[in-house]
Amino acid sequence: MQLPQKTGESYVLTYNDYNSAEGASRTGEKKTLEVDVVIGADGANSRVAKDIGAGDYEYAIAFQERMRIPDDKMEYYKDRAEMYVGEDVSPDFYAWVFPKCDHVAVGTGTVIDKKGIQRYQQGIRDRAAPRIAGGEVLRVEAHPIPEHPRPRRVNNRAALIGDAAGYVTKCSGEGIYFAAKSGRMCAERILINSEYGIRMIDEHDLKQHIREWDAKYGATYLVLDLLQKVFYTTDAQRESFVELCEEEYVQRVTFDSYLYKTVQGNNPIGDLKLGWQTLASLWKNENKVPDEMRTLV
C-alpha cells in the first residue's frame, strides 16, 4: 500500500488478481487500484496496520484440533458445548470442546505461556478423553487472538476493524460478531460523512466512528477484561468462577450480555448479592485445600 503524500491524494494498492488463474500453482496478475479510503480488515497480522503505524498489541495463541468422533459421542455434543478451566488446560484462559456440523473442535489458548500450548492441548485431550475417544483429527489450527485494541486504529483516511483493530473480547475470546459489526459501523459512518460519495472524508470522520464504537462496546471489553483477571489466574479463583456460574442470576445476565453484546444486568439487589457471593467464594477457595478433580461421566 502506497500512502498519500499530500492532502486529497489517493492510496495506491498493489495486489495479485487470481480471478482468471487456475490450478494450485496459479500465479496472479499484478494490478493496482487507487482508492480514497482504506478499511483494514486483514486480521490479527494486519499488513494495513503495519503500513499505517498502528502499533502492536499483546496476543493469545489459540490452538485447536478438529476431530471426527464416533456417532454416539457426536450425539452427546448435539446440544452441548464444553468449557474447561484449570492449570492443566491453560494458565490464563480456558479450553473447549465445541460441536461443529459433523465434528468437534477441541482446543485451548494462552497469553502468558505460548510455548506450552502443546502441553495444554494434551491437557484438554486428557480431560475430554472419554467423550472424544476414537476421534480422528481432521485438521489442526492455530491463530493469534488480540488481547486489546491497537494503540492507533485510525491514521489519515485509513481505519482498522475486527482482529486488525484488536476487537476480541477477553474472558470469552469472541471476535466474529465484533469484526462484522465494526466493519458495518465503519462503512456506514464513511457513507454518511462523505454524503454518499460526494465529499472527501478525513481523519476526523473516521475518528468519529472510533468514538461511536468505544461508546457502544467499551464497557463490554472493560468488564470482560476484569472478569478474566479475577477468575482465570489461579485454580482457587477458577473454582469460584465455576461456583458462580451455577447461579441463575449469573446465567441470565451472561446469556443476555452474550446475546446483545453489551453488558446487561440492571438489578441493583441482584448485583449486590452477586458481589457479596463473589467475595465470599474467592475467600473460601483461597483458604481451603482444593477439592479433587471432578470427572464428567
Side-chain angles (χ1 to χ4, degrees), residues 18 24-25 40-51 54-69 73-74 77 80-129 131-151 153 160-180 182-183 221 224-225 227-229 231-233 238 258:
Y18 291 94
S25 60
D42 50 340
N45 297 319
S46 172
R47 293 178 63 178
V48 174
K50 182 178 180 180
D51 286 344
D56 295 324
Y57 45 37
E58 181 59 276
Y59 66 93
I61 285 292
F63 183 98
Q64 72 175 13
E65 295 168 301
R66 292 181 178 265
M67 302 176 64
R68 179 169 288 118
I69 58 178
K73 291 181 169 59
M74 194 66 211
Y77 287 108
R80 181 182 284 107
E82 293 178 335
M83 172 182 174
Y84 296 79
V85 290
E87 291 289 343
D88 58 323
V89 296
S90 177
D92 57 338
F93 201 56
Y94 67 90
W96 60 86
V97 180
F98 291 156
K100 302 298 182 179
C101 177
D102 58 356
H103 62 282
V104 293
V106 182
T108 184
T110 178
V111 177
I112 65 175
D113 188 14
K114 299 179 181 69
K115 292 182 178 179
I117 192 69
Q118 293 283 1
R119 183 171 73 255
Y120 302 125
Q121 180 66 14
Q122 186 59 50
I124 177 58
R125 272 175 158 266
D126 293 342
R127 287 259 214 126
R131 292 169 300 288
I132 62 173
E136 172 194 1
V137 177
L138 304 174
R139 187 164 72 248
V140 177
E141 301 170 327
H143 192 74
I145 300 180
E147 284 291 290
H148 56 79
R150 289 188 188 270
R153 290 169 280 168
L160 302 174
I161 62 169
D163 281 14
Y167 293 154
V168 177
T169 57
K170 289 287 193 74
C171 198
S172 68
E174 184 192 3
I176 294 176
Y177 173 86
F178 296 102
S182 62
Y221 286 91
L224 291 177
D225 184 21
L227 288 177
Q228 181 165 326
K229 290 175 179 176
F231 291 118
Y232 284 4
T233 306
R238 295 181 189 106
Y258 187 83

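Atom OH of Tyr177 sits in a crowded spot, with more than 12 heavy atoms from other residues, nucleotides or ligands closer than 6.0 Å. In Asp56, the CG atom is not crowded: 12 or fewer heavy atoms of neighbouring residues, nucleotides or ligands sit closer than 6.0 Å.
At a threshold of 4.5 Å between non-hydrogen side-chain atoms, the residues Glu65 and Glu141 do not count as touching. Contact annotation: the side chain of Arg68 never approaches that of Val104 to less than 4.5 Å [non-hydrogen atoms, C-beta and beyond]. Side-chain contact between Leu138 and Glu136: present, with at least one pair of heavy atoms (C-beta onward) separated by less than 4.5 Å. The shortest distance between side-chain heavy atoms of Tyr77 and Ile69 falls below 4.5 Å. Phe63 has its side chain within reach of Gln118: a pair of non-hydrogen atoms, C-beta onward, lies under 4.5 Å apart.
Here the CD atom belonging to Glu147 is positioned 8.0 Å from the CG atom belonging to Asp225, to the nearest 0.5 angstrom. Note that the CG atom of Leu160 and the CZ atom of Arg153 stand 9.0 Å from one another [nearest 0.5 Å]. Arg119 contributes atom CZ, which lies 9.0 Å from atom OG1 of Thr110 (distance to the nearest 0.5 angstrom). In this structure, CD1 on Ile132 lies 4.5 Å from CE on Met67, to the nearest 0.5 angstrom.
In this structure, Tyr84 and Ala128 approach most closely via the heavy-atom pair OH-CB, 3.8 Å. Of all non-hydrogen atoms in Leu224 and Ser172, the two that sit nearest each other are CD1-OG, 4.5 Å. Annotation for Tyr94 and Cys171: closest pair CE2-O, 3.2 Å, computed over non-hydrogen atoms. The shortest non-hydrogen separation linking Ala60 to Val111 is CB-CG2, 3.4 Å. Pairing each heavy atom of Val97 with each of Pro99, the nearest pair is O-CD, 4.1 Å. Val106 approaches Ile124 most closely through the heavy-atom pair CG1-CG1, 3.8 Å.
Side chain to side chain, His103 and Arg66 meet the donor-acceptor criterion of an N or O pair below 3.5 Å.
One N or O on the side chain of Arg127 and one on the backbone of Val85 form a donor-acceptor pair closer than 3.5 Å. Put simply, the side chain of Thr108 never gets that close to the backbone of Tyr120: no donor and acceptor are under 3.5 Å apart. Side chain of Asp92 to backbone of Ile112: a donor-acceptor contact under 3.5 angstrom is found. Panel note: side chain Ser90, backbone Gly109; a donor-acceptor pair is recorded below 3.5 Å. Counting only distance, with no hydrogens or angles, the side chain of His148 and the backbone of Gly166 share no donor-acceptor pair below 3.5 Å. Checked by atom type and distance alone, the side chain of Gln64 never pairs as donor or acceptor with a backbone atom of Gln121 at under 3.5 Å. Remark: the backbone N or O of Pro91 is not paired with any side-chain donor or acceptor of Tyr232 at under 3.5 angstrom. Counting only distance, with no hydrogens or angles, the side chain of Asp42 and the backbone of Arg47 share a donor-acceptor pair below 3.5 Å. The closest donor-acceptor contact from the side chain of Arg150 to the backbone of Ala54 lies at 3.5 Å or more, if one exists at all.
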Step by step, work out the salt bridge (Lys or Arg N to Asp or Glu O under 4.0 Å) result for Glu82 and Arg80.
CA-CA 7 Å; Glu82 293 178 335; Arg80 181 182 284 107; 5.2 Å; no

Candidate pair Glu87 and Arg238, rule side-chain contact (heavy atoms from CB on, under 4.5 Å), full reasoning
CA-CA 10 Å; Glu87 291 289 343; Arg238 295 181 189 106; 3.4 Å; yes

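A cation-pi arrangement is present between Lys114 and Tyr59 under the rule of less than 6.0 angstrom and at most 45 degrees off the ring axis.
Take Phe231 and apply the ring pair (Phe, Tyr, Trp, His ring centres under 6.0 Å) test, not counting sequence neighbours, and it matches Phe241.
In this pair, Tyr167 and Tyr221 present their aromatic rings tilted. The plane angle is within the 30 to 60° band.
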